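Since the structure comes first, as structure tokens, the remarks are kept for the end.
Below, all heavy atoms of this structure are taken into account, side chains as well, without hydrogens, waters or symmetry copies. Only a predicted model underlies this, so the values are computations on that prediction, with no experimental measurement involved. Proteins get letters first, then strands, A, B, ... in listed order; numbering begins at 1 in each.
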Amino acid sequence: MSLLRGLLGMDLIGTWVRLFLSFREKLALLDSALLLDVPLGVISRIEKMGGATSRGENSYGLDITCKDMRNLRFALKQEGHSRRGMFEILTKYAFPLAHSLPIFAFLNEEKFNVDGWTVYNPVEEYRRQGLPNHHWRITFINKCYELCDTYPALLVVPYRASDDDLRRVATFRSRNRIPVLSWIHPENKTVIVRCSQPLVGMSGKRNKDDEKYLDVIRETNRQINKLTIYDARPSVNAVANKATGGGYESDDAYHNTELFFLDIHNIHVMRESLKKVKDIVYPNVEESHWLSSLESTHWLEHIKLVLTGAIQVADRVSSGKSSVVVHCSDGWDRTAQLTSLAMLMLDSFYRSIEGFEILVQKEWISFGHKFASRIGHGDKNHADADRSPIFLQFIDCVWQMSKQFPTAFEFNERFLITILDHLYSCRFGTFLYNCESMRERQKVTERTVSLWSLINSNKDKFKNPFYTKEINRVLYPVASMRHLELWVNYYIRWNPRIKQQQPNPVEQRYMELLALRDEYIKRLEELQLANSAKLCDPSASPSGPSQMMPHVQTHF
Amino acid sequence: MEFSELIRTGQAQAELLRGPEAPPLRGTLCVTGHHLLLSPGPQATPDLWLLLLRSVDSIEKRVAGDCGTITLRCKDLRVLQLDIEGVEATLNIARSIEALSSLESVITSFPFFYRPKGLRLGDAWHFHPPERYYKRVARETNAWRLSEANEDFSLCPSYPRAVIVPRAVNDDALALTARFRQGGRFPVLSYHHAPSRTVLLRSSQPLIGPQKRRCAEDEALLRAVLAGSRPGARGFIVDTRSAQTAKQARMTGGGTEAKAAYPGWKRLHRPLERGRPLQESFVHLVEACGDLEQSMDHWLSRLAGCRWLAHVKEALSTACLAAQGMEREGACILVHGAEGTDSTLVVTSLAQLILDPSSRTMAGFQELVEREWIQAGHPFQLRCAHSAFSHARPKHEAPTFLLFLDCVWQLGRQFPLSLEFGEGMLLALFDHAYASPFGTFLCNSEQERCLCEVRTRTHSLWSGLNQLKEQRKLRNPLYVPNPLALWPSVEPQSLRLWQGLFLRWTRPPEPSEAAWEKVWQIVTDQEKTEGSQPTVSASELQL
């Protein structure tokens, strides 16, 4: 028996279920009223609290910090040293890497009738975008990850740049992450290109090949004589990066370019900001000064800056008819946020369930967002400075957009929350490792199940009933603080005072109405059939349902 | 008085800018007794743009060269800009608008001239009187009666002619009680909660004064309330002032019920802001929402600084307290503040929405507004004389009714299926309370409305809203009747800024309306398919 604390004001007495022993998957606690279900992957830190001599109720036990905005506290009885065993087992399976054990995803033998690994095929995705074309080619130069070990095998580069050019450019870009195409506008053919910072350094080094390469990119667009470069960082940080060998594209070296800084802060700032959010929502919501406390976390302000940056990129490409280069320092955090959000705004395909999966798979997973480092899968070093909620922030931005455009996305809130849950759970291989080359070495696609298998085999659960498919509509969300909200259903979902309405009542009611209508239509058809059979004269009911049917169907 | 005396210039050429979303309009501007008209030239669309002058809250004029600009800030929070040719014309038009929009006479106001097609005068005026509600109460309990002691408004000028009082109390006793309550507002029934057999009452403060006066009839009335309720019922007096303010009110002749004088009744103090501070909150919030220039880094603390959401929270939680007292504790509740015409009504009307499913229907909600606000004597004319833009020092203005509407909106957001009316209905009520072609929100009390013959000479807003063509805007297509009480969450993270009202004119409305439209389509498709079924079966029968 153990006592669970931490769910505000609720004490639960229950029995440990040793599920995690057999499946190594999750920690569960059974209680008559509630089943606590915590995937072990979510655990960030396990601490012992109190000692053998500590007194007072619930002063002895385990304190578990989770990656998904909650803490759990297990109060245990002091006699029998029950804690030690529990602590050891939990530590072992929550942090398998420290114990040379495999991550749970490699042991998971779940079967789904859809294979999520087939969702993303880079060649197909580029073909969908109309690539290659006479300005852009697909290159296999990175087939063995020799050019850049954190990039995918397949890259799209300017037709006029040779593989040798690419190699020379790689020497001048941080971690060899050269500018490559992410997305091409279907009509005006302007492009979004992503990369890392140029290695300018203190001395202001220049590289002719890099300069020429960007000029080649510029020339693929004949509508505007300029190439726009968005540096995601605040300009001070970009300058400071020169000290460590980095920097940005200066005016005098890169002619015909315009450089803008987007003022988005780095991973450390974001981590601290989210920490503050947790402080004001868990275990108690900071009530007396809610709005000003929320403001002091700066979380929404960061969301605003990311969205504003992405809007600028999208607008530049769509209305400004200019090609755009996006980078930050290494080009795998803020750059991924900006390119993927801009693509979501520009290309309605990515707003479908599969399209969004492809977007995540492409811009985040294949282009080397360091999921393993940022999340710390199976790693016990909870204070690692590499951890940061960059991907969560991206999903938050997507949620903000879906709030503002309730009919534009095929997926619902549950889809986004499910993605975030499995970002930590380690049940699927999708978010494991830092880059494609590592995943290939570990044979992730062969040895683990994809998260998209779970989602795509049960798509209805994740569908937004209000979705209206629209082609070629650019979405510009309003990124003003007035229109951004804290995602209460995610950040405060563990607070029992927040009413969990799952599934969303509006969606459910809407589905009911849809079903009802379908039923009426069906019954009507039957009646009509019976009718026309009897009458043998369809003109008998001129204003009847026969004329309405096509009308009804055209809406959906 | 003739309107023509106030109109300096009949017409001028002008361009109207209606914010970022609507295209500008050019044409001939024209001031009439009640309206500002802009008629585009004959070549353009024949649509006439029309603004009720009464809805202008403040006016600002600027001249430069040989043209001028008038900025109109409307009571519905819209900001309009008119660019007018000619300095003289600009000044004259501005002066005319100023004079006409601030006329105080009720009987020359537009509702007395408004004769829309399709509506008959007097149609909906007898739609929702207290008598109708009494019939419902009488079905549930016989401890209450309808009293016409106030037939000539002599007991209480701000009450309607008929009120519901304990059966055990006769009209003479009522007259004495009325003298013991400020403005004559003796305790009357506001709502009977049949499941718990308890009641919600409202009144004004008792006139205790420094001498600690008592009134045997008042005490007897409240005793009778408990006696008429379920056996052993207790009572709570929810005073919407702080204990200290209530005590201080004794110095000016008011006060609050002494414990010893009212056995069985327990007093609770839940201070709610009213009057000036509420109006200031409103003004600051509208200012913050309209200030598009300011650096948005401090939006949240600015929003917090306006304290509007704090008022919403307090109002909702006090209403929850009253509702809980009835439903969970089986207690009778008396709500009052000082006058009993403002925060008292917010609490009693919200408590009913929480408890009473029938008040959440379209008809029930209209009845609630009519009974608990209009008939109950909320001084609309004083409170809504200006909204958030007026430069004049506020005298009696306060957005009490808006606070109620905002609370209802929060309720609707938290229970998206349980209200039959939608945001459109709440917006319409806000707009019409401040300026309307209908007579419903005119005057401050039933007595005044009788003197002005509002019922016979103007159209009721309810008949306007209940026209078929208005329904799509006003109804919630997802409504499913919910027999349960709605307990809203009043945690700060559950309450939101009502963007649909406060940012109505600055945000692009299109996306959420698209979703709304989709739901309507499906609902009407269904009704059509449903409706067409009998025709099919009828023809079947003919065979």
Side-chain angles (χ1 to χ4, degrees), chain A residues 281 285-292 294-296 298 300-301 304 404-408 465-466 468 475 478 480-483 485-486 488 491-492 495 497-499 504-506 508-510 512-514 516-517 520-521 523-524 527-528 530-531 534-535 540-541 543-545 548 551-552 555-556, chain B residues 288-289 292 295-305 309-310 313 414-418 477-480 487-489 491-497 499 502-503 506-508 510-512 514-519 521-523 525-530 532-533 535-540 542-543:
Chain A
V281 301
V285 175
E286 172 64 47
E287 281 196 30
S288 46
H289 303 287
W290 168 249
L291 291 174
S292 29
L294 180 59
E295 183 171 273
S296 66
H298 298 292
L300 288 176
E301 214 178 298
K304 184 192 88 175
Q404 293 190 20
F405 300 96
T407 59
F466 298 97
T468 317
L475 301 185
V478 184
S480 121
M481 285 294 283
R482 286 182 181 82
H483 294 87
E485 282 179 31
L486 183 75
V488 169
Y491 298 108
I492 319 189
N495 188 321
R497 289 210 214 161
I498 289 292
K499 283 194 192 101
N504 176 326
V506 172
Q508 197 172 9
R509 171 72 180 141
Y510 187 76
E512 277 170 29
L513 287 171
L514 275 177
L516 258 174
R517 189 203 53 172
Y520 281 124
I521 290 176
R523 268 166 52 194
L524 212 64
L527 280 168
Q528 263 185 304
N531 230 15
K534 283 174 198 165
L535 278 171
S541 53
S543 62
M548 271 187 45
H551 163 71
V552 169
H555 295 308
F556 300 95
Chain B
C289 289
L292 299 172
S295 144
M296 290 312 298
D297 299 347
H298 299 291
W299 164 249
L300 288 175
S301 46
R302 192 161 174 194
L303 181 60
L309 287 173
K313 178 187 158 81
Q414 293 186 25
F415 300 91
L417 311 182
S418 300
L478 295 168
Y479 172 66
V480 239
W487 299 110
S489 160
E491 311 292 318
Q493 72 278 7
S494 304
L495 301 176
R496 297 286 154 79
L497 175 71
Q499 293 193 350
F502 292 105
L503 302 177
T506 47
R507 70 166 182 176
E510 169 258 344
S512 53
W516 207 240
E517 191 46 41
K518 249 197 115 189
V519 184
Q521 240 167 39
I522 192 119
V523 171
D525 279 353
Q526 190 181 313
E527 277 163 6
K528 268 190 263 170
T529 36
E530 210 175 338
S532 58
Q533 245 179 293
T535 15
V536 180
S537 10
S539 55
E540 247 185 337
Q542 283 167 2
L543 288 169

How close do B:Ser301 and A:Glu295 get, counting heavy atoms only, and between which atoms?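 Shortest heavy-atom separation between B:Ser301 and A:Glu295 comes out as OG-OE2, 2.5 Å.
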Looking only at non-hydrogen atoms, find the nearest pair between B:Pro492 and A:Glu286 and report the distance.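 Here B:Pro492 and A:Glu286 meet closest at CG-O, 4.4 Å.
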Contacting region of B:Leu497 [heavy-atom separation from chain A under 4.5 Å]: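 No part of it gets close to chain A.
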Beyond-backbone contact of B:Leu300 with A:Met481, side-chain heavy atoms, under 4.5 angstrom: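 Yes, close enough: below the 4.5 Å cut-off.
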Within the 4.5 Å heavy-atom criterion, are B:His298 and A:Glu301 side-chain neighbours or not?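 Result no, sub-4.5 Å side-chain heavy-atom pair not found.
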What's the spacing between A:Leu291 CG and B:Arg302 CZ if we round to 0.5 Å?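 Separation between the atoms: 14.0 Å.
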Enter the distance from A:Glu485:CD to B:Gln499:CD here, rounded to the nearest 0.5 Å.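 The CD atom of A:Glu485 sits 6.5 Å away from the CD atom of B:Gln499.
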Taking side chain as everything from C-beta outward and backbone as N, CA, C, O, which of these in A:Leu475 sits under 4.5 Å from a heavy atom of chain B? Side chain, backbone, both or neither.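 Answer is neither: A:Leu475 stays 4.5 Å or more from chain B.
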Given side chain to side chain contact (heavy atoms under 4.5 Å, CB included), test A:Leu486 with B:Gln493 step by step and report yes or no. CA-CA 8 Å; A:Leu486 183 75; B:Gln493 72 278 7; 5.7 Å; no
I'd like to know whether B:Leu503 forms a side chain to side chain contact (heavy atoms under 4.5 Å, CB included) with A:His483, so could you lay out the CA-CA distance, the side-chain angles of the two residues, the decisive distance to 0.1 Å, and finally the verdict. CA-CA 9 Å; B:Leu503 302 177; A:His483 294 87; 3.7 Å; yes
